[in-house]
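Just so you know, these numbers use all the heavy atoms, side chains as well, and skip hydrogens, waters and symmetry mates. Convention: sequence-line order gives letters A, B, ...; per-chain numbering from 1.
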Protein chains: 2
Amino acid sequence: MDKQTITIYDVAREANVSMATVSRVVNGNPNVKPATRQRVLKVIEELDYRPNAVARGLASKKTTTVGVIIPDVSNIFFASLARGIDDVATMYKYNIILANSDESGQKEVQVLNNLLAKQVDGLIYMGHTLSDDVRAKFSRSKTPVVLAGTIDPDEQVGSVNIDYKEASRFVVDKLVKDGNEKVAFISGSMDYSINRDYRLEGYKAALKENHLPYDESLIFATDYSYKAGESLWAKLTAIGATAAYVVDDELAVGVLNGMLDHGMSVPEDFQIITSNNTILTEMVRPKLTSISQPLYDMGAVAMRLLTKMMNKEEIEEKTILLPYDMIERNSTN
Amino acid sequence: MDKQTITIYDVAREANVSMATVSRVVNGNPNVKPATRQRVLKVIEELDYRPNAVARGLASKKTTTVGVIIPDVSNIFFASLARGIDDVATMYKYNIILANSDESGQKEVQVLNNLLAKQVDGLIYMGHTLSDDVRAKFSRSKTPVVLAGTIDPDEQVGSVNIDYKEASRFVVDKLVKDGNEKVAFISGSMDYSINRDYRLEGYKAALKENHLPYDESLIFATDYSYKAGESLWAKLTAIGATAAYVVDDELAVGVLNGMLDHGMSVPEDFQIITSNNTILTEMVRPKLTSISQPLYDMGAVAMRLLTKMMNKEEIEEKTILLPYDMIERNSTN
DNA sequence: AACAAAAATGCAAGCGTTTTTATGAAAATT
DNA sequence: AATTTTCATAAAAACGCTTGCATTTTTGTT
């Protein structure tokens with residue numbers, strides 16, 4: 001029945017003070033005589049009083065809760081971000097409502113409405129792309145929003161990423177300098193701005209720098225899945241590619257195993273650089289060279305940025321780029 | 001300032017009805033004349049009214065939110081459970097507050113208090129073990145609790161698992177029948193009831209059935225980490241083990257790669273069966289034979305059970321064991 | 001047409017806090 | 001000693017909704 005029976009009123013009565021005073025001590029308001037504070041604290045202890053956060057939220061219009069929209073928690077990439085988010089959320093006394101969106105525009109809108117109805121103090125959004133519907137809702141709502149690991153070409157809301165274009169240019173350049181003239185670009189959907197406007201542009205830039213022609217047949221836009229990668233070996237060998245830059249680790253492992261299972265050797269016949277440096281890159285043989293994005297940190301920084309926004313602090317720069325790195329392992333020379 | 005300005009009162013005024021009526025249409029209460037319902041709905045639409053879930057929670061004492069305590073979201077095992085949980089939560093109109101505990105008793109207690117303060121309607125707990133502190137809090141609180149992928153020897157609260165002992169007995173039996181006389185048992189801490197009371201017991205049972213002696217030096221209790229597994233090869237070969245049952249996939253991959261990197265071949269020289277059938281088992285070469293636990297389903301069923309409890313429905317059996325399976329791949333004969 | 005029963009609606013009291021405003025007591029000032 | 005200022009506390013009004021009960025309207029019955 002009753003989740004909790006003792007209220008601030010009970011405490012007030014027992015301690016011979018008004019509710020207001022109890023509220024003050026609970027909230028650390030300094031305008032309380034030390035003696036009364038002690039008395040109240042003692043009663044709180046005795047009664048095992050726990051303030052009702054819902055009532056508090058209604059009265060104060062703050063829920064100390066932030067909504068987190070994530071494509072899929074069971075995807076290790078996003079889960080790593082989520083972990084960073086939750087850790088700093090906890091640090092700043094916030095809780096997180098986690099909602100899976102499956103990248104579906106419809107589900108995202110629904111989830112967003114739901115989160116706003118719950119009066120979250122802020123929102124963190126993760127996804128491969130930001131639909132117009134969602135972006136419109138963001139700008140209409142007064143709730144602060146930060147994107148984590150997600151590109152918004154408009155830069156209207158806060159965001160935390162690495163410099164995808166530059167990272168991509170960097171690794172493709174390495175592949176080319178190592179003697180590969182036909183480097184494949186293996187990504188997810190080109191509908192995603194991050195793939196189309198950043199990574200692919202970086203790829204092109206590297207080719208251009210090295211005076212290599214851009215060849216469309218070397219571009220593969222597929223699913224972000226292991227299976228999808230596994231089946232790519234045939235096309236890759238047919239076209240004569242000797243290396244690939246892959247934008248997702250599962251996909252990269254698929255490519256790797258597809259090659260291996262069909263008699264190619266890596267890195268001798270085919271070199272691979274992947275993008276997310278998840279634990280997968282360490283678990284396969286040969287281990288995969290990868291761009292390393294500081295996923296946990298990206299989540300953490302995003303949440304930190306959000307706390308500032310919720311706190312109405314002055315923000316110097318709301319579009320944050322964290323440094324990336326390249327971890328060389330055995331899928332490259 | 002104002003997250004949302006329009007309230008139920010505004011809608012009532014515009015539609016020329018009382019708040020009560022608006023509330024009724026919002027909540028689908030049938031006692032409303034179709035015509036008025038339409039009118040109210042229209043105004044809701046026009047004003048873009050969205051009921052404040054916090055106020056609702058206070059008035060109705062239901063938050064349609066459940067707390068989920070998870071050791072670490074970025075652990076794929078728990079993340080898979082979490083995904084199942086969230087999906088059925090969404091299905092039943094609940095949201096999830098996700099809280100990482102790092103398996104730390106202190107953090108768990110803190111998180112639990114926090115969740116209860118937020119008036120969650122129910123709780124799902126995941127972890128390797130259930131501390132006495134936490135268990136005590138569970139039984140004192142009126143909030144329904146379900147354990148997912150987590151053993152409670154007491155069976156006081158709801159839980160969803162597979163039959164760990166039987167699954168363990170089954171795979172060890174297979175290993176023995178395949179000719180391995182020295183099968184190692186590689187687990188995490190023996191402080192965890194699941195390892196000590198279930199998996200190890202299953203292991204022992206299999207040995208006994210096959211008239212093999214129980215040898216303590218074949219038991220390895222270590223971390224659940226890739227690194228820990230990687231370094232086990234020396235001890236394993238020294239003791240003459242020719243197979244291992246491993247309770248965690250990352251650990252198993254570590255063992256596998258440790259062996260491979262030191263010249264052993266799998267499954268010829270050493271056979272491995274792991275426990276969680278995560279995508280990792282497919283990504284390594286050779287692929288790993290594994291017990292398969294229906295992780296997503298375990299989460300889903302746990303949440304479904306919780307909805308019943310929150311709904312005060314009659315529960316036939318609150319300790320649920322889901323069927324397990326064994327997926328044979330290339331780390332066994 | 002009159003009345004009873006049923007359906008639709010309104011009223012108002014919560015829900016458990018925070019927060020503004022008012023008040024009384026103590027301390028400081030003259 | 002009178003007066004002002006400060007500090008501590010209390011009283012009470014929100015916050016935006018649900019819900020039990022009372023009231024009004026509609027429907028059905030004779």
Handout entry: Salt-bridge present (A:K137, A:D133; N to O < 4.0 Å)
Key = no
Exercise for the section: For DNA chain D, determine which residues of residues 18-28 of chain B have any heavy atom closer than 4.0 angstrom to one of its atoms, and list them numerically. Expected result: B:M19, B:A20, B:S23, B:R24, B:N27
Problem - Side-chain donor or acceptor of B:N311 paired with backbone N/O of B:T307 under 3.5 Å - result: no
Practice task
Let me know the distance between CG of B:N52 and C1' of D:dT18, rounded to the nearest Å.
Solution key: 13 Å
Problem - Minimum-distance nucleotide (side-chain atoms of B:A59 versus C:dT9, D:dC17, C:dG16) - result: D:dC17
Exercise for the section: Take the protein atom CD1 of A:I6 and the nucleotide atom C1' of C:dC15, then report the distance between them rounded to whole Å. Expected result: 16 Å
Problem - Candidate nucleotides C:dT18, C:dG16, C:dA8, ranked by approach to the side chain of B:L58 - the nearest - result: C:dG16
Handout entry: Nucleotide nearest A:A55 when distance is taken to its side chain, options D:dC17, C:dT9, C:dG16
Key = C:dG16
Practice task
Return yes if a side-chain donor-acceptor contact under 3.5 Å exists between A:T65 and B:K118, otherwise no.
Solution key: yes
Completion exercise
B:I8 atom CD1 is separated from C:dT9 atom C1', nearest whole Å, by 14 Å
Handout entry: Distance below 4.0 Å between A:Y9 side-chain N/O and D:dA10 OP1 or OP2
Key = no
Handout entry: Nucleotide of D:dC15, D:dG16, D:dT9 approaching A:V32 most closely (side-chain heavy atoms)
Key = D:dT9
Handout entry: Presence of salt bridge, A:R83 and B:D102, under 4.0 angstrom
Key = yes
Completion exercise
The residue among A:T143, A:L305, A:T64, A:D121 that forms side-chain contact (heavy atoms from CB on, under 4.5 Å) with A:M310 is A:D121
Practice task
Could you check how far CG of A:N31 sits from P of C:dA22, rounded to whole Å?
Solution key: 17 Å
Fill in the blank from the handout: Regarding the side chain of A:K33, the nearest nucleotide among D:dA10, C:dA8, D:dT9 is D:dT9
Exercise for the section: May I ask you to check whether over 12 heavy atoms, not counting those of B:Q106, lie within 6.0 Å of atom CD? Expected result: no
Handout entry: Side-chain N or O of A:K61 closer than 4.0 Å to phosphate OP1/OP2 of D:dG16
Key = yes
Exercise for the section: May I ask you to decide if the ring planes of A:H128 and A:Y192 are parallel, tilted or perpendicular, using 30° and 60° as cut-offs? Expected result: parallel
Handout entry: Below 4.0 Å: OP1/OP2 of C:dC15 and any side-chain N or O of A:T7
Key = no
Exercise for the section: Grab the CZ-P distance between B:R56 and D:dC17 for me, whole Å please. Expected result: 8 Å
Practice task
Tell me whether the OP1 or OP2 atom of C:dT17 has a side-chain N or O from A:K62 closer than 4.0 Å.
Solution key: no
Exercise for the section: Quick one: label A:N16 by what it contacts on the DNA or RNA (base, sugar-phosphate, nothing), any heavy atom closer than 4.0 Å. Expected result: sugar-phosphate
Problem - Between C:dT9 (C1') and B:R39 (CZ): distance, integer Å - result: 11 Å
